[in-house]
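Here's the structure, in structure tokens; my notes come after.
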Amino acid sequence: MADTVTITDNRTGESIEIPIVDGGVAASEWRRLLPDIWFYDPAFVQTAGCASSITLVDGEQGILRYRGYPIEQLAEKSNFLEVAYLLLFGELPAAAELDEWTHNITHHTFIHENMRKRFLEGFHYDAHPMGMLVSAVAALSTFYPEAKQIFDPDSRKKQIVRLIAKMPTLAAAAHRFHVGMPFVYPDNSLDFASNFLSMMWKTAEPRYAANPALAHAIDVLFILHADHEQNCSTTAMRVVGSSHADPYSACAAAASALYGPRHGGANEAVVQMLLEIGHIDNVDAYIRRVKAGEVRLQGFGHRVYKSYDPRAKIIKRVADEVFAVTGVNHLLDIALKLEEVALSDDYFLSRKLYPNVDFYSGLIYQAMGFPINMFPVLFAIPRTAGWLAHWKELLDQDSKISRPRQLYVGHPERDYLPLSERGA
Ligand code: SDX
């Protein structure tokens, strides 16, 4: 049997055979037979918008690999900056490459003083940190106009380093502004995760000393959130990047997509859901509301994973590490009960709804003292590496500008209606 499909236009009886390549069939082949017939696939449920070699997600098997490396091995043996390098450049760095990469990221963590004093401090006192981050990333494009030279390899690499390095600084600055605390400058003697925690939590002490277990937990969570193939925000990055916008503007678009509660805002929604449930005795009633379609079980379900999200399994182990330091988050009991009830109920099993990456991550962040409104920000920091890897890949592939077609279902042609003839 050939790896092909045959399509026939029954209006003409004409057929063509199309090869199945890398798990897909090329729409350009379809166009040979049906030039003005479009695949109708709102939300791209059954559509591949690109060919990518960065990340593999196998939803049926619950597999996630970055450049072929299983997420379980990277979470156990690697660190976020090394994983960011892997995603961006395709291979694990040699020692000298890792040292140079780490040095460059470490020495680009500062932001322009005007970004802090005039931009971030210009927000309303209770501005949501994610709204501030989205705006700040876009604003960075005005500080680095050379970023528009997207085909200059040196400029491209410098903007990539700047964005990965400055996201934690912007994230922490947004939080400090939101809670009325003074801005904390980066400490270049600290590793990536510890420096972020220092910028978040340092108060009067001369030097912030991050708890190693918590810094490690943050680093693992950053690894788990670094990329996830063509998720909503990465698709936004690729679409905006395809117009040859600068990487800061494209990242701001991606961060905006991540802000939504269906995507990166889900970990915030999970904790709010658990707070609303309030006690394990209320779990059954909440599950009934979910099954009645009144509410969604936040942190459950996934467009691709139709089995347990492999990241959720790892996060549950990280949770134990964190809770050993912080004390168990009392919401954990409710989350575990929700998972137990849902995974024994056919409503969820028949729809293949399992915990995803967001179901437990919020509990860890909350136990570590992060306010709920910082949760999508914590997702954006590591996902910047994935967004930039896909941005770089689409440019290297010389991709065309993204411009899908539509099925027009509006009015046929009609003449202008004078005001006097229009209805009430
Ligand atoms: C992330 O894409 C990625 O890779 C994303 C991500 C990444 O790393 O980038 O993995 C990160 O965004 C994880 C997802 C976080 N979002 C949530 O946890 C929010 C709650 N989940 C849902 O809103 C939903 O599951 C989505 C948005 C995640 C997926 O939506 P789909 O694929 O469009 O699925 P669907 O809405 O068509 O649902 C299929 C069925 C429906 O039931 P029926 O209409 O067929 O009866 O399942 C039901 C839905 O009603 N359903 C849920 C549900 N999710 C889907 N019912 C209750 N609770 C839920 N959470």
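These numbers were taken from a predicted model, which means no experiment stands behind them. First listed ligand is number 1; within each ligand, the first listed atom is number 1.
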Nearest-neighbour protein heavy atom for [atom], which is reported as residue plus atom name and distance:
atom                    : result
atom 29 (C) of ligand 1 : Arg303 N, 3.9 Å
atom 58 (N) of ligand 1 : Leu297 N, 2.9 Å
atom 9 (O) of ligand 1  : Arg383 NH1, 2.8 Å
atom 21 (N) of ligand 1 : Phe300 O, 2.9 Å
atom 28 (C) of ligand 1 : Gly301 O, 3.7 Å
atom 5 (C) of ligand 1  : His302 NE2, 3.6 Å
atom 16 (N) of ligand 1 : Arg262 O, 2.9 Å
atom 42 (O) of ligand 1 : Arg351 NE, 3.4 Å

- Message: Would you compute the distance between atom CZ of Phe110 and atom CG of Asn188 and round it to the nearest 0.5 angstrom?
- Response: 6.0 Å

- Query: Can you check salt bridge (charged side-chain N to carboxylate O under 4.0 Å, His left out) on Arg156 and Asp396, steps first, answer last?
  - Reply: CA-CA 12 Å; Arg156 186 190 295 183; Asp396 291 343; 2.9 Å; yes

- Item | Full working for salt bridge (charged side-chain N to carboxylate O under 4.0 Å, His left out) between Asp345 and Lys291 | CA-CA 10 Å; Asp345 187 313; Lys291 292 167 68 175; 2.6 Å; yes

- Task: Mark the output for Val304 as yes if a heavy-atom distance to ligand 1 is under 4.0 Å, and as no if none is.
- Result: no

- Query: Between Lys337 and Tyr286, is NZ or CZ placed under 6.0 angstrom from the six-membered ring centre and within 45° of the ring axis?
  - Reply: no

Could you list which atoms of ligand 1 come closer than 4.0 Å to a heavy atom of [X]?
X      : answer
Gln298 : 19 (C), 20 (C)
Asn231 : 2 (O), 3 (C), 4 (O), 5 (C), 9 (O)
Gly299 : 17 (C), 18 (O)
Val290 : 57 (C)
His228 : 3 (C), 4 (O), 7 (C), 8 (O), 9 (O), 10 (O)
Ala266 : 15 (C), 16 (N), 17 (C), 18 (O)

What pairs of donor and acceptor atoms, side-chain ones from residues 39-52 against any protein atom, are under 3.5 angstrom apart with sequence neighbours left out?
residue : atom : partner : partner atom : Å
Asp41   : OD1  : Val45   : N            : 3.1
Asp41   : OD1  : Gln46   : N            : 3.3
Asp41   : OD2  : Val45   : N            : 3.2
Asp41   : OD2  : Gln46   : N            : 2.7
Asp41   : OD2  : Thr47   : N            : 3.0
Asp41   : OD2  : Thr47   : OG1          : 2.3
Ser52   : OG   : Ile54   : N            : 3.3
Ser52   : OG   : Glu393  : OE1          : 2.6
Ser52   : OG   : Glu393  : OE2          : 3.4

Can you check whether a protein heavy atom sits less than 4.0 angstrom from [atom]?
atom                    : answer
atom 12 (O) of ligand 1 : yes
atom 39 (C) of ligand 1 : no
atom 36 (O) of ligand 1 : yes

- Message: Is the contact between Val57 and ligand 1 made by the side chain, the backbone, both, or neither, using heavy atoms and a 4.0 Å cut-off?
- Response: neither

- Is Val270 touching ligand 1 with its side chain, its backbone, both, or neither, if touching means heavy atoms under 4.0 Å apart? neither

- If the plane angle is over 60° it's perpendicular, under 30° parallel, otherwise tilted; pick one for Phe119 and Phe123. perpendicular

- Message: Would you call the rings of Phe80 and Phe192 parallel, tilted or perpendicular, taking 30° and 60° as the class edges?
- Response: tilted

- Using 4.0 Å as the upper bound for N to carboxylate O, is an ion pair formed by Glu100 and Lys157? no

- Task: Could you give me the CA-CA distance, side-chain angles and deciding distance for Phe379 and Ser361, then say whether side chain to side chain contact (heavy atoms under 4.5 Å, CB included) is met?
- Result: CA-CA 10 Å; Phe379 200 145; Ser361 60; over 6 Å; no

- Which residue from Gln230, Arg296, Arg311 reaches closest to atom 26 (C) of ligand 1 through any of its heavy atoms? Arg296

- Do other residues, nucleotides or ligands put more than 12 heavy atoms under 6.0 Å from Lys158 NZ? no

- Regarding Glu340 and Ser344, is there a side-chain donor-to-acceptor distance under 3.5 Å anywhere? no

- Item | Arg176 vs Glu121, salt bridge (charged side-chain N to carboxylate O under 4.0 Å, His left out): CA-CA, chis, key distance, verdict | CA-CA 10 Å; Arg176 301 287 286 202; Glu121 292 185 2; over 6 Å; no

- Query: Which atom names give the shortest non-hydrogen contact between Asn356 and Gly301, and what distance separates them?
  - Reply: ND2-O, 2.9 Å

